[in-house]
*Asks:* 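Structure below; questions to follow.
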Amino acid sequence: MSWEIVIGLEVHTQLTTKTKLFSGTSTLYGQPPNTQAGIFDIALPGVLPLLNDAVIDKAIRLAIATNANVERRTIFERKHYFYPDLPKGYQTSQLDAPIVYDGHLMIETENGPKKIRINRAHLEEDAGSSRHGEVPGMTGIDLNRAGTPLLEIVTEPDISSAEEAISYLRQLHQIVTWLDISDGNMQEGSFRCDANVSVRRPGGPLGTRTELKNINSFRFIEQAINYEVARQIKILESGGSIVQETRLYDPDKNETRSMRAKEEANDYRYFHDPDLLPIIISEERIEAVKANFPLMPEALKSVLMDKYDLSDYDAGIIVQSRAMSNYFLALLAFDVDAKSAANWLLGDVSAYLNEQDITIDALPVTAEQLAGLLTRIADKTISNSIAKKVFTLMIERQATADAIIEAEGLKQVTDTGAIEAWVDEVIAKNPKQVEQFKSGQTKILGFFVGQVMKLSQGKADPAAINALISEKLS
Ligand code: ADP
Ligand code: MG
């Protein structure tokens, strides 16, 4: 008999706010330990929380994008547990009335579209972090992350395979980055996933689940789920039973290991935080967020295909990130041809970004500068191959295309006198090929064009070379 896989995902997204959820401390990542930890974050007695209002609009944005409802009167609870990197002894979170509830996303599967229900998304504080091994035999506590705002997005157990999980996660990741809810940086922990996994007989009751914690890459999530499913099936088929617990995925060994027994909600002694008033979210506020909603990736993709005639593939890559599509739209504002703009973005620009392992925000060439380069290709000042060289120099020297074309003398030569001289030289040097051409092997024309190009260091206008050679040889 076969097994059915049941998965529910909890994603913690760190919100892109300048300051923490309940204090004015900066959320800047990568600072020296405990330099981003104010009197509230380290839990000095008597210091009161003050809600960072910016998180509310981000949560509303998520609700709109995931077809969910916004709780009009949302409240905060204290969730108690002891851990060295949690100085308050509780995490401020939401249980009874989370800010976002009852949403869904549609994913593509082999059997067509499938609805993945989102039970809720709630606001909570991140904990600090424990740093092991930097001083031998000791663990250090860094409270820089303590109090960073998180939105935890929780699905119903509607997911039936590792592939479906990844498909849902990629879509969610695109949404939160597109809407500037989170920067989505998985290495830095801005988008972390817990996967709850169980197996059952088709149609039977839900099996006991295990929770795989804090996995920070799509590939590891897929591997961890597949490993865990196989482990559970093996236990059940040999007559054993699954222990409800939290397990840790080890990417080096590609296995999951038991971490701790899973607490029940009542072990956390949740209660309403008496220091925080309920938040009332007005209809006007939700309407205002709706009114400023950007075009979502799929809609923008259709526009790129219909209005600018881009292929499905090209448009799909451009809308993979908001930054990339903004850059593309910025290029178009300088009146460049959409197709050549797309070719450049997907070609030389992407190659450079991959090579440097950076995103387009960090590209040293602005949209205006790249548009300047594209304009010089379009008006035939330079050829496409010279343009590649100019692009590299633009990055190196932080200069405009025109400045580089001028300084390097890269203007395309259209002067027929100069080109004729190169053509004559090539014909004189290659009598054998001239014979071949004259005996009907016209394909050899390409050879002559190539030689002239070489002599001109890429600067001769290919159309002019072609015309001159054909004329001289026939
Ligand atoms: P907790 O608060 O203990 O983490 P929740 O009820 O909030 O528990 O559920 C957490 C996640 O576990 C949700 O995404 C839910 O869909 C998923 N889940 C619940 N039961 C199962 C199960 N039997 N198998 C797989 N996932 C499950
Ligand atoms: Mg949970």
Side-chain angles (χ1 to χ4, degrees), residues 2-13 62 66 68 71 76-81 83 90-105 107 114-127 150-169 171-173 191-215 221-222 224-233 235-236 241-249 256 258-271:
S2 64
W3 293 94
E4 203 174 273
I5 302 167
V6 177
I7 301 166
L9 297 174
E10 297 165 273
V11 171
H12 290 85
T13 50
L62 181 86
T66 58
E71 181 61 67
F76 284 103
E77 269 106 349
R78 293 184 178 182
K79 176 184 182 181
H80 299 80
Y81 64 96
Y83 209 73
Y90 62 85
Q91 174 192 33
T92 304
S93 180
Q94 303 196 289
L95 182 69
D96 282 348
I99 187 161
V100 175
Y101 65 98
D102 283 355
H104 71 264
L105 286 180
I107 61 167
K114 177 172 173 181
K115 188 179 198 170
I116 307 297
R117 289 170 300 157
I118 292 172
N119 171 287
R120 66 179 187 270
H122 62 260
L123 289 165
E124 63 184 26
E125 302 166 289
D126 210 341
L150 299 176
L151 198 53
E152 177 176 342
I153 305 156
V154 185
T155 74
E156 296 290 348
D158 288 348
I159 298 164
S160 320
S161 68
E163 297 77 62
E164 286 184 17
I166 301 306
S167 162
Y168 163 83
L169 289 169
Q171 196 181 341
L172 186 64
H173 187 265
F191 190 91
R192 321 193 283 265
C193 177
D194 300 348
N196 295 271
V197 179
S198 67
V199 298
R200 67 169 169 188
R201 294 301 187 186
L206 283 180
T208 304
R209 69 183 149 125
T210 57
E211 185 178 20
L212 312 176
K213 268 284 188 208
N214 275 343
I215 319 174
I221 293 163
E222 187 167 2
I225 291 173
N226 286 331
Y227 174 89
E228 184 57 19
V229 166
R231 189 188 72 89
Q232 291 186 10
I233 291 176
I235 292 174
L236 293 172
S241 56
I242 306 301
V243 181
Q244 177 160 338
E245 63 184 356
T246 299
R247 295 179 70 85
L248 204 64
Y249 176 67
T256 63
S258 179
M259 199 162 110
R260 58 167 187 257
K262 173 92 188 132
E263 298 88 348
E264 295 295 333
N266 54 15
D267 296 332
Y268 288 122
R269 294 175 293 123
Y270 274 99
F271 65 79

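Just so you know, these numbers come straight off a predicted model, no measurement behind them. Whatever order the structure lists ligands and atoms in, that order sets their numbers, starting from 1.
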*Asks:* Establish, from distance only, whether the side-chain atoms of Glu125 and Thr92 form a donor-acceptor pair under 3.5 Å.
*Replies:* yes
*Asks:* Can you measure from CD1 (Ile225) to CG (Leu212) and round to the nearest 0.5 angstrom?
*Replies:* 7.0 Å
*Asks:* Can you figure out which of Pro157, Ser198, Gly8 has its heavy atom closest to atom 22 (C) of ligand 1?
*Replies:* Ser198
*Asks:* State the atoms of ligand 1, each with its element, that fall below the 4.0 Å cut-off from a heavy-atom position in Arg120.
*Replies:* 7 (O)
*Asks:* On the ring face of Trp3, is Arg200 found with NZ or CZ under 6.0 Å from the centre and within 45° of the axis?
*Replies:* no
*Asks:* Under 4.0 Å from a heavy atom of Val154: give me the atoms of ligand 1 that qualify, with their elements.
*Replies:* 13 (C), 14 (O)
*Asks:* Report, in ascending order of atom number, the atoms of ligand 1 lying under 4.0 Å from any heavy atom of Glu156.
*Replies:* 16 (O)
*Asks:* Please check whether Gly207 reaches ligand 1 - meaning an N/O of the residue sits under 3.5 Å from an N/O of the ligand, judged on distance alone.
*Replies:* yes
*Asks:* Quick test of your reading of the structure: of Asn196, Thr155, Leu9, whose heavy atom lies closest to atom 15 (C) of ligand 1?
*Replies:* Thr155
*Asks:* So Tyr268 and Tyr81, would you call those rings parallel, tilted or perpendicular, with 30° and 60° as cut-offs?
*Replies:* perpendicular
*Asks:* Would you mind telling me which of Asp158, Thr155, Val197 makes a side chain to side chain contact (heavy atoms under 4.5 Å, CB included) with Leu9?
*Replies:* Thr155
